[in-house]
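Notes for the one structure printed next.
Every chain is numbered from 1, with letters handed out A, B, ... down the list of sequences. Heavy-atom basis, side chains included; hydrogens, waters and symmetry copies ignored.
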2 protein chains.
Amino acid sequence: MRTVDPVKYEAKRRHITEAAAGCFAIKGFEKTTTADICAAAGISSGSLFHYFPNKGAVFRAIFELDGQDNAAYLATASAAEDVWEGLLGLVDELLNPLETPGAAGLVTELVAQAGRDEELFELVARNDIELRAGIAGLLGKAARQERIDGSIDSDTAATWVVGLVDAMYSRATIDPDFDPAAQRVTLRLILSRFLGHGLGR
Amino acid sequence: MRTVDPVKYEAKRRHITEAAAGCFAIKGFEKTTTADICAAAGISSGSLFHYFPNKGAVFRAIFELDGQDNAAYLATASAAEDVWEGLLGLVDELLNPLETPGAAGLVTELVAQAGRDEELFELVARNDIELRAGIAGLLGKAARQERIDGSIDSDTAATWVVGLVDAMYSRATIDPDFDPAAQRVTLRLILSRFLGHGLGR
DNA sequence: GTCTATAATAAGATAGAC
DNA sequence: GTCTATCTTATTATAGAC
């Protein structure tokens, strides 16, 4: 005879995190007050702290599902018939949030906060390591199939694949004229040339 | 008969901005209190606000000379006998701050804050635009000399040269194992292959 | 020009009624 | 589970003496 419906409980938590994400994207973590979050979610202060122990936990919750998302993208990429197409598809998935206004700013805020919140840092670092490991696996496979240059270290190459994705977020934050959708083409060109795809070997 | 020695005045301002930069790199802009800055600079609150109108102005002052620095690097790069070497030297200069601990975090904080402080945003945007324009100029020259692939749009290429530098800062912030000095080699490889340098055309 | 003291405000989190 | 009211603490910036 439990008093809480876990499904409703999770749904409410999700509702709060989504409302909070909008606030954090605009005002940043520190400048967003718990009152802002309450107003955006349509709840009271007492209610907010019933679902989360503190403001930092709300922020962390936004990114807690990212690891699972990435794992799913990696699985799809691995299952692709063509390794190279799988890799490009994965990169597209990683860039998808850029279609949402404010997402780039939220990621910037995440990186900045991760340097100060130990728990958040571990979340980010773990996701990052797993993502890079997965990409390194794909690259190793592509190299064995002679689809890309086999002389480049897989881990190093994976780091820079993620780095290029980072660059998109960084550019989108700094330069208002930067068009992520259009720049995907250039990103693919850089990837192809860097990794030696399509050299007809 | 002026009462202030402008040289001493500037020196003190510099002293304060440098002390403040250390605080901002560790705690971030919002979490750094004016009291922290005073303690680090060895001055009192009254003195701090004699030199700066508010905390934001202290933060902005840290980056106010960057535009001049970049212009100097661009001039050196343009004057280089070999355009390609000039470009690589410029990229090295842009990466130099990474040798200083905390610099990556400070840049992350800069980008995050630029999204909220209009004056700071204009400072960052102006520097960014001028840097990209300068690099585009170098790339155009290199293309005319047939040192690189001439089919890539100079402005787009310049955006990605800066993007790759951004990626170094981003990676350095997120991944504690990332070694910027070692990764310069890979960065140069990506640049060479992307821009078609050394194709012997 | 530098200090101490403080005004003015705001924020995160909790208590306890319903 | 949700609310209102509030406790407690911290912060930017200023006033005014030296």
(request) Round to the nearest Å and state the distance from A:K27 atom NZ to C:dA11 atom C1'. (result) 12 Å
(message) Does C:dT2 have OP1 or OP2 under 4.0 Å away from a side-chain N or O of B:K12?
(response) yes
(request) Taking the side chain as every heavy atom from C-beta outward, state whether B:W160 and A:L187 have any pair of such atoms under 4.5 Å apart. (result) yes
(request) Please state whether the rings of A:H197 and A:W84 are parallel, tilted or perpendicular, taking 30° and 60° as the class boundaries. (result) parallel
(request) Return the value, rounded to whole Å, for the distance between atom CG of A:D5 and atom P of D:dT2. (result) 12 Å
(request) Quickly work out the A:R13 CZ to D:dG1 P distance and round it to whole Å. (result) 13 Å
(request) Would you check if B:I37 and B:F59 make a side-chain contact, meaning some heavy-atom pair closer than 4.5 Å? (result) no
(message) What is the separation between atom CD1 on A:I43 and atom C1' on C:dG12, rounded to the nearest whole Å?
(response) 14 Å
(request) Would you mind checking if A:R147 and A:D82 are paired as a salt bridge, meaning a charged N to carboxylate O distance below 4.0 Å? (result) yes
Filtered N/O pairs between nucleotides 6-9 of chain C and protein, under 3.5 Å:
none

(request) Identify, residue by residue, the members of residues 47-60 of chain A with a heavy atom below 4.0 Å from DNA chain C, and return them in order of residue number, or none. (result) A:F49, A:N54, A:K55
(request) Taking the side chain as every heavy atom from C-beta outward, state whether A:F194 and A:I152 have any atom pair closer than 4.5 Å. (result) yes
(message) From CD1 of B:I16 over to P of C:dT2, roughly how many Å is that when rounded to an integer?
(response) 8 Å
(message) Tell me the interatomic distance from A:H15, atom NE2, to D:dG1, atom C1', rounded to whole angstroms.
(response) 15 Å
(message) Check this for me, if you would: do A:K12 and A:D5 make a salt bridge, where the nitrogen-to-carboxylate-oxygen distance has to be below 4.0 angstrom?
(response) no
(message) Under the rule for side-chain contact (heavy atoms from CB on, under 4.5 Å), what residues qualify as partners of B:T17, not counting sequence neighbours?
(response) B:R14, B:F52, B:A61, B:I62
(message) I'd like to check B:L87 versus B:I148 (side-chain heavy atoms, cut-off strictly below 4.5 Å). Are they in contact?
(response) no
Strictly under 3.5 Å: I want the nitrogen or oxygen pairs between protein and nucleotides 6-10 of chain D, one per line.
none

(request) Just jot down the side-chain contact (heavy atoms from CB on, under 4.5 Å) partners of A:T159, sequence neighbours excluded, or say none. (result) A:R132, B:R171, B:F178
(request) Among residues two or more places apart or on two chains, list those pairs meeting side chain to side chain donor-acceptor pair (under 3.5 Å) that have a residue in residues 107-119 of chain A. (result) A:R60-A:D117, A:R60-A:E119, A:T108-A:T173, A:E109-B:R116, A:R116-B:E109
(message) Looking at the base of C:dT4, is there any donor atom on it, or on the side chain of B:S45, that sits under 3.5 Å from an acceptor on the other one?
(response) no
(message) A side-chain contact here means heavy atoms from C-beta on lying under 4.5 Å apart; do B:N70 and B:Y73 qualify?
(response) yes
